[in-house]
Number of protein chains: 2
Amino acid sequence: MKAVNKHTKIITAATKVFAQKGFFNARISDIAKEAKVADGTIYLYFNNKFDILLSVFEEEIGNIITQVKKLLAEETDPRKMLEIFATKHLTVMKKNKHLAEVIQIELRQTNKLIKDYRNNKFSEYVNIISDIIKLGQEQKIYRADILPGIAKRAFFGSLDEISRVWNTSLETNYTVEETVNQIIKIFLSGMLTQAKAC
Amino acid sequence: MKAVNKHTKIITAATKVFAQKGFFNARISDIAKEAKVADGTIYLYFNNKFDILLSVFEEEIGNIITQVKKLLAEETDPRKMLEIFATKHLTVMKKNKHLAEVIQIELRQTNKLIKDYRNNKFSEYVNIISDIIKLGQEQKIYRADILPGIAKRAFFGSLDEISRVWNTSLETNYTVEETVNQIIKIFLSGMLTQAKAC
DNA sequence: TAACACTGAATGGTGATTCATTTATGTAAC
DNA sequence: GTTACATAAATGAATCACCATTCAGTGTTA
């Protein structure tokens, strides 16, 4: 049995357990059982419970960032780029609900607990959006009077809230495609009718 | 000493403590100390720790709903109505950071723990947004192809993410006015330049 | 046989909740 | 207005279940 395997097994198990029970309600023994290792084994790979949570972020969000950046590298139109980001984000969150919940809920708890945990993967992820917007502004495709720092939060917040609801509520579940379609419509062209907009 | 006073004192104290430490890290004794009552006294007014959290929501969000609805009743233009909602939301969240954090973080935990807690104040609050959008669609001011159920999440998610960052990060803090201005710009007219939009 | 990986029962700190007791408030009788 | 009694409100130390973490011991590999 290789160490790498066990490390990954624990991360995967922890993601699942944290998502189901939340960080504070999750017991180390739950994670151990899920990963099929002894309780003590977990402490050979992680310093403590909180350290497991941080590792979940680093690794899982890191993966998403890599994937998104790869997709974006093949596109030059900033309009399409936002669409790609939205599609990738929503697809991942819809497919991996455990991870989605951990990111949505626990990451926030964490950000509060350790405010000095800067330069984190999460910031890096959200900054992809503002980079796209800045690129679009240079190309005169996006309006110059949009502040990328606010727009990135608005865009990410929209995606995040929508995928959050997918996990918790009984509300109608639109497809990723329909949802992206709506989001892009709103963020690129706005909600006003043509008559009013022009 | 009237009972009403003590109830309110505990709610206020709990809001503060939950915001600072998070629900799970908050001790009953912390709340008791903050409210200047004995630990046991809290159990004369609430069934348990979780019950306190629910009460914080019900009462605090209920207040905001009342205020927003009152403001909206005096306006008929759906464009202005969204602006009013955004301004009120961001103003409250900026002024009452304790409440803001509790809503942003704890409400989500809670929604997860008790999925049957439907018909809650939170839903009522977010539905104000979709009601405005539907009204605007009837008046042909908002595009008919916007789905109010998605747009409300996008709009709320944007506000929520922006105010969340106000509480946690060191990022530049825009004023409520500037922020509302940007949000309204994006949601009503979109991010494309005029040339591209028309 | 040494080095290493792993195990899981035992430990110890924590903190929600309880409840015997105290304090405050009300009320009736004189 | 004061004493006595009753009821309600408040207290906070004690209880006890919980669970993160440890570590002495077992198994495995080289």
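Quick note on labels: first sequence line is chain A, next is B, and so on, each numbered from 1.
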Would B/F187 and A/F187 count as a close aromatic pair, with their ring centres under 6.0 Å?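 When the ring centroids of B/F187 and A/F187 are compared, they turn out to be within the sub-6.0 Å range.
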Using ring centroids (six-membered ring only for Trp), state whether B/F156 and B/F85 fall under 6.0 Å.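 They do not qualify: ring centres at least 6.0 Å apart.
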Taking side chain as C-beta onward, heavy atoms only, is [X] less than 4.5 Å from [Y]?
X: A/K121; Y: A/F57; value: no
X: A/E60; Y: A/I11; value: yes
X: A/I31; Y: A/F18; value: yes

Expressed as a whole number of angstroms, how long is the span from [X]:[atom1] to [N]:[atom2]?
X: A/K6; N: C/dT7; atom1: NZ; atom2: C1'; value: 10 Å
X: B/F46; N: D/dA10; atom1: CZ; atom2: C1'; value: 15 Å
X: B/N48; N: C/dG15; atom1: CG; atom2: P; value: 17 Å
X: A/K36; N: C/dC6; atom1: NZ; atom2: C1'; value: 17 Å
X: B/I42; N: C/dT18; atom1: CD1; atom2: C1'; value: 14 Å
X: B/K49; N: D/dC18; atom1: NZ; atom2: C1'; value: 13 Å
X: A/L44; N: C/dC4; atom1: CG; atom2: P; value: 13 Å
X: A/D30; N: D/dC19; atom1: CG; atom2: C1'; value: 10 Å

Among C/dG15, D/dT11, D/dA20, which is the nearest nucleotide to the side chain of B/R27?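 Per side-chain heavy atoms of B/R27, the pick is C/dG15.
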Output yes when at least one side-chain N/O atom of B/Y45 is less than 4.0 Å from OP1 or OP2 of D/dA10, else no.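 For D/dA10, OP1/OP2 do have a side-chain N/O of B/Y45 under 4.0 Å.
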Check nucleotides 12-16 of chain D for protein N or O atoms closer than 3.5 Å to its own N or O atoms and list the pairs.
| unit_1 | atom_1 | unit_2 | atom_2 | d |
| --- | --- | --- | --- | --- |
| D/dG12 | N7 | B/G40 | N | 3.2 |

Does CD belonging to A/E177 count more than 12 external heavy atoms closer than 6.0 Å?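 No - once you tally the heavy atoms of other residues, nucleotides and ligands closer than 6.0 Å, there are 12 at most.
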